[in-house]
Structure formats: C-alpha cells, structure tokens
Amino acid sequence: MARWPLILGAMVAALGAGWYLTRPAPLADNALDRLTPDAARGAVIFAAAGCASCHTSETGADTLLTGGKRFASPFGTFVAPNISSDPVHGVGGWSDLELASAIVAGVSQDGSHLYPAFPYTSYNKADMQDVVDLIAHMRTLPASDAPSLPHEIGFPFNLRAALGPWKALFVSEQWVLATAETDALERGRYLVEALGHCAECHTPRGALGGLQGDQWMAGAPNPSGEGRIPNITPAALQWSERDIAEYLKSGFTPDFDSAGGEMVAVIKNTSQLTDADRAAIAAYLKAIPAIANP
Amino acid sequence: MPIKGLTLLSVASVFTLVSAAFAAGHLTQDQQRAMDARNAHMTLYSFNLGKVGAMVQDRVPYDADVASAAAANLAALAAIDEAGYWVEGTDTSIEGSRAKPEIWADMAGFEAEQVKLATATAAFAAVAGDGLDAMKAGFGPVGQSCSSCHESYRAPRE
C-alpha cells in the first residue's frame, strides 16, 4: 500500500513529539464520588452499550464475558479480553474507578492506553451514573477463568504509547449531531453516539482508523471483507421511524427480511431497550444529514 | 517452425484467458438456477411471514384464518429439502451471492439452522390460529431462526 510509509512516518514523528503530552489520562480520583451504583439499572445500560456482543464467546453463555472474539482491522487482529468478574483472568480485581477509566478514557488498570477496537471513543460521552450502574451489573455476572489472548498486530501498532497521539487526533467529546431539538432526539443521540456506538460499524474510517465525521453513518466496508455495512442516513434508509424501531426490536425489515451478520448481535441488545428508547434512536437516524454514496 | 510454436502458444494463452474469465465472472446455468431458486424460497418466507408479522406488530388486526394459512405455508416451505440449492461455487466470491463460504465449510451447522426453522415453523403452525397471544408466542422462535442463520451464513449486501 502506498500509504504505508506515510502512516509510519506520521506515527513515528507524532510519537517522538507528543508521547509525553498524550500520556494516558485516567479519570480523576474523585470522579465517582457521590454516585451510588444501581446494578438493576445497569443491566439496561449494559445492553444499550453492547458489551456482551464483543466480550462473550461464540459458544459460551450470553452472560459469560470470557473474551476471545476476533476483530480484523487494517492494523491487525484484535482479540477481546476476558472482562468477567474473575479476579485473576477477568477484571473482578479492578476498582470501580479503574473500570470506569477503561470504559470512558481508554486507560487500562496498569496505566497504558487501550486500543480503540474497544469503543471508549463513544463511551467517553456516557453519563457517569450510567457507567457506575453498568459496572455494578458487570460484577453480578459469572466468572470465567479463560486467560485473555494476545492481539495479533505488528510494529508500530503494537506500541500502545502511539495511541496517545491517536487519541489526541480522533477522540472527541463533541456530539456529531450538534443540536438535538427535542428530548427524544437528545435521548436518541445519547443512545446512538455514546452507548450504542453504531458509528463504529456504519461510518467509514480514514487511513489512521479514525471515523470520518463528514461521512457519519453513510456506510462502510465490512472489516471481514464481505459485502458492505449499509448506509443508514436518510439518503439510503427510507424506512419510517416506526419501521426502524421495529427492526431494532425484532430484526425484521419492512418487507420481513430478517437482519443478518453483525447486526443480529446489535438487535439482541436493542431488543432489551424500551419502546421509547427505540423510537428515540429512530428519530435520531431521521435527523442526521442525508449522505448519498457516490 | 518458430511461427508455429508462437501460434500454438497464443492459442493456448487465449484459451487460458478465456477459461479464467469464465471461471471468475460466470456461473454455469445450473449454478445460476440454484441461486435463483434459493432466493425465491427466501422471498416466499418473507411474504408469508409478512402476513403474520403485520399482526404481531399490531399493524393489522388478528385474523385466525389468515394467520393459520400463512403459518402452514411457512411450515411447508421449511420442510422442503434444500440440498439442491446450495451448490458448490456459489458463495460470496460470485457477484450477487450473499451466501458465505462458511456454508460449505460447515454444512452440518448450516443444516442444523434449517432444522431449527423447520421445528419453529411446525410449532408455530400448531398455535397460529389460537388467538393473538398464542400466535405472538409462537412467532418469536420463527424470527429468531431466520436471524440466527443470517447471522452466521449470510453476508450484508454489496
């Protein structure tokens, strides 16, 4: 690939200049003060955030966050770690603050940067009360003693320090839909842009793996190489809001085809939301700019 | 003599080119018909599912006769032997096919998905005429069977 030397050069330069400025920044010690976790509420947040889609195995139970799922990318293959309540192989031994730092700041317990294959780039916009509720729920799930497997990525992407400059470039706390005029739109924006991380699949990425904001939800190549993740802006998705909400509940399109591929796991999550929340997501998808594919 | 060698060579290379192009871009008539047949089968699923799905989604009132007929059709469709549809060489490497190579790598798993749908539709047909609530309960597993196969064995559209 012709881009390769360029990417490498950019990363090395950025590394040299900026590693100190962009060192991992976990949450402040008092970030969770005065928040009382509610595990029951956290179950819904956990579903809305889709943690199980990535951290369960193909064969294990829906609640066993044993890891092992593989995510192909142009930078190599990432393998989801064990985040079950096991204190040794999972994250049962992490404090609430350490877990919250991982989820919203992409910083690991040992203080290093985490890869954005873990969508903290979206979760950074999550409400801190939701985060502590989610963590309380995770702690009620069973333990798995399966060791986490190493990622399969080469130099320079295996250098976690290089993620500092990457985060500085691509992690933003701004909403893409800058104004949400109604409560429903605001809720929909929160569910899509923060918890649901829909853009991680539906928005194309640039050479360095950052989401292309001007192509928000306009569809993207499927990382597995087969077919395309569909454009779900109003330019392509002509369904009514009700149709979209039904799809997120049952998986059926308006002509009663049934969803397939990675979207099935997403619908397993959205089917656990309330009707009002699904309607809010639908309203949001109708409100984002229509972007036609060339 | 060199000319003759050259001619032979060019004939041979034209031949290889043509057959390579044929292999990459074209299906045999049998393969094309198998793909048409399986998509038609899927369309019939959608059509019949739509009749009951509209009731499940409260878009039209429940009608026991319509629900029973559609459910019986779904059960009959799911009982059809599909072995002839899923012929080798018709996976996603062929334009227009969304059938993932995993079907052929794991035929037992794929057939198990067909059995799952057959079981769910048979159970659904038995209750579809018994009122809206019973019908809704039987409908769930049918939809899940469609999705579960599409999750593992069908790629998104190009």
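- Using a 4.5 Å cut-off between heavy atoms, A:D255 contacts chain B through its backbone alone, with no side-chain atom that close.
- With respect to chain B, the highest number of heavy-atom pairs below 4.5 Å among A:M263, A:R242, A:E58 belongs to A:R242.
- With hydrogens and angles ignored, the 3.5 Å screen pairs a side-chain donor or acceptor of A:E193 with a backbone N or O of A:L177.
- Residue with the most contacts toward chain B among A:A265, A:G251, A:S250, A:G260: A:G260 (heavy-atom pairs, distance under 4.5 Å).
- Heavy atoms of other residues, nucleotides or ligands lying less than 6.0 angstrom from NZ of B:K51 number 12 at most.
- Of the charged side-chain nitrogens involved, at least one lies within less than 4.0 Å of a carboxylate oxygen, so that B:D58 and B:K136 count as a salt-bridged pair.
- Between B:Y85 and B:H41, the ring-plane angle classifies as perpendicular under the 30° and 60° cut-offs.
- Both the backbone and the side chain of A:D243 come within less than 4.5 Å of a heavy atom in chain B.
- Taking the six-membered ring where the residue is Trp, A:F252 and B:F139 present tilted rings, their angle falling between 30° and 60°.
- Contact count against chain B (heavy-atom pairs under 4.5 Å) is highest for A:D257 among A:N222, A:T253, A:D257.
- A heavy-atom distance below 4.5 Å is found between the side chains of A:P142 and A:T63.
- Heavy atoms of B:S147 lying under 4.5 Å from chain A belong to its backbone as well as its side chain.
- Of the listed residues B:R157, B:E158, B:R154, B:Q57, the one with more heavy-atom pairs under 4.5 angstrom with chain A than any other is B:Q57.
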